Novice: 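Below is one structure. I have some questions about it.
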Amino acid sequence: MATVRKLVAGNWKMNGLSDQIVEAVKVAESLAQTPAGVRVAICPPNILVHRIAERLARTVVEVGAQDLHCEAAGAFTGDTSGEMLRDAGARLVIIGHSERRSHHREDDAAVSAKVGAALRAGLEPIVCVGESLEERRSGQALQVVESQLAGSLPDSLDGRSFVIAYEPVWAIGTGLTPTLAEIEEVHRAIRRVLVARFSNGAARPILYGGSVKASNAAEILNAAEVGGALVGGASLKATDFLPIVRAGG
Ligand code: 13P
């Protein structure tokens, strides 16, 4: 496998008012003193992207968004385009998170259109896939993930920077994690799909997400084909997030 710098990204989800900005600043200040050798990103709610991007400019911490609309502009009340997020300072965007797939009924086609929109806007997409507990128990995890990848990744990704995040739905916010062997099995399957479809498929990071915390980060981040982590709850406080970042270095 080609060596790629690991990416540890924090997904704040719908958490954080103005007083949460200081946590992002603390992460950046700590990493300035101790370079971790990993790529680090924080994805706050879209409303905080601009203010955090301004505070993190000229630091090693990148800012990402959590979703975007597939059009650049228009009559889409309440939506935010990739171009707007990029203009606000985002460099990455999470797309197809299971919470969007379930609460907003986003299917693979919608995710694929959003990935195309992210590329058009100059944002690096973090495309999420992952099976439900029922699908895992019935032995369909690989099949579900492969099918999500087939439908969610447009051909236009070829040669572009993008990230895949494997997030088993049942591991999100539950404290449960798959075994390392289960994580590696899915990550290897994702790698096979990427290599078969994209000229740069061997070099794109595949993140694991779902109940990553300081105590399990090192073993997960060192597992085969794991190129980083997408961290939810444990990314909200710098004191929880920084040990995870350092575990990737
Ligand atoms: P938790 O780390 O809170 O389980 O959330 C994972 C996740 O959904 C990140 O996108």
Side-chain angles (χ1 to χ4, degrees), residues 6-16 20 23-24 27 38-46 48-49 52 61-68 85 90-104 106 111 114-115 118 123-133 135-136 141 144-145 148-149 152 162-180 182-183 186-187 190 205-221 223 226-248:
K6 285 191 166 45
L7 167 65
V8 176
N11 173 10
W12 284 5
K13 308 193 178 184
M14 197 174 74
N15 293 295
Q20 172 73 16
E23 297 297 327
V27 170
V38 284
R39 205 180 153 198
V40 185
I42 290 177
C43 305
N46 287 350
L48 290 180
V49 162
I52 292 183
V61 181
E62 298 173 68
V63 179
Q66 297 178 15
D67 181 46
L68 77 173
L85 294 165
R91 289 294 171 266
L92 304 109
V93 60
I94 298 168
I95 302 176
H97 192 282
S98 62
E99 288 151 15
R100 304 265 346 149
R101 289 179 185 262
S102 65
H103 303 317
H104 296 267
E106 290 187 9
V111 173
K114 289 184 174 196
V115 172
L123 294 169
E124 183 172 352
I126 302 175
V127 187
C128 302
V129 294
E131 82 285 356
S132 67
L133 188 55
E135 290 161 341
R136 155 97 19 213
V144 166
V145 166
Q148 287 175 334
L149 290 171
S152 304
F162 67 93
V163 178
I164 304 295
Y166 167 55
E167 299 206 309
V169 178
W170 52 274
I172 295 175
T174 59
L176 302 172
T177 49
T179 64
L180 285 185
E182 287 168 337
I183 293 174
V186 178
H187 278 236
I190 295 172
I206 304 169
L207 314 187
Y208 167 78
S211 297
V212 176
K213 45 188 186 261
S215 58
N216 63 15
E219 62 170 6
I220 291 174
L221 286 165
V226 173
L230 186 54
V231 186
S235 69
L236 290 170
K237 284 199 179 320
T239 46
D240 294 333
F241 190 51
L242 281 163
I244 300 174
V245 171
R246 295 205 170 96

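On a predicted model such as this, the values are computed, not experimentally measured, just so you know. When a ligand or atom number is given, it counts from 1 through the structure's own listing order.
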Novice: Quick check on contacts: which atoms of ligand 1 are under 4.0 angstrom from a heavy atom of Glu167?
Specialist: 6 (C), 7 (C), 8 (O), 9 (C), 10 (O)
Novice: For Lys13, take its heavy atoms, then give the atoms of ligand 1 lying under 4.0 Å from any of them.
Specialist: 5 (O), 6 (C), 7 (C), 8 (O)
Novice: Out of curiosity, is Lys213 lining ligand 1, as in a heavy atom under 4.0 Å away?
Specialist: no
Novice: For ligand 1, is there an N or O atom under 3.5 Å from any N or O atom of Ser211?
Specialist: yes
Novice: Give a yes/no on ligand 1: does Gly210 have at least one heavy atom closer than 4.0 angstrom to it?
Specialist: yes
Novice: Taking distance alone, with N or O pairs closer than 3.5 Å, would you say Gly173 contacts ligand 1?
Specialist: yes
Novice: Mind checking side chain to side chain donor-acceptor pair (under 3.5 Å) for Lys6 and listing every partner two or more places apart, or none if nothing turns up?
Specialist: none
Novice: His97 vs Glu167, test: side-chain hydrogen bond (donor to acceptor under 3.5 Å, both in side chains). Steps then yes/no.
Specialist: CA-CA 8 Å; His97 192 282; Glu167 299 206 309; 3.0 Å; yes
Novice: Any side-chain heavy-atom pair from Ser211 and Leu176 closer than 4.5 angstrom?
Specialist: no
Novice: Is there a polar contact, in the sense of an N or O pair closer than 3.5 Å, between Glu99 and ligand 1?
Specialist: no
Novice: Is Glu124 salt-bridged to Arg39, cutoff N-O under 4.0 Å?
Specialist: yes
Novice: State if Ala234 counts as touching ligand 1 under the rule of any non-hydrogen atom under 4.0 Å.
Specialist: no
Novice: Could you list which atoms of ligand 1 come closer than 4.0 Å to a heavy atom of Leu230?
Specialist: 9 (C), 10 (O)
Novice: Would you say that Leu236 contacts Glu23 through its side chain, given a criterion of any heavy-atom pair below 4.5 Å between the two side chains?
Specialist: no
Novice: Any donor-acceptor pair under 3.5 Å linking the side chain of Glu106 with the backbone of Val111?
Specialist: no
Novice: Please could you name the atoms of ligand 1 that Gly233 approaches to less than 4.0 Å, counting only its heavy atoms?
Specialist: 1 (P), 2 (O), 3 (O)
Novice: Would you indicate whether the side-chain heavy atoms of Phe241 and Val40 approach each other to under 4.5 Å?
Specialist: yes
Novice: Nearest 0.5 Å, what's the CD1-OH distance between Ile190 and Tyr208?
Specialist: 11.5 Å
Novice: Who's the nearest protein heavy-atom neighbour of atom 2 (O) of ligand 1, and how far?
Specialist: Gly232 N, 2.9 Å
Novice: Show the nearest heavy-atom pair for residues Val127 and Ser152, with the distance to one decimal.
Specialist: CG1-CB, 4.2 Å
Novice: Can you confirm, on distance only, whether ligand 1 has an N/O atom lying under 3.5 Å from any N/O atom belonging to Gly209?
Specialist: no
Novice: Under 4.0 Å from a heavy atom of Asn11: which atoms of ligand 1 are those, numbered in the order shown and with their elements?
Specialist: 9 (C), 10 (O)
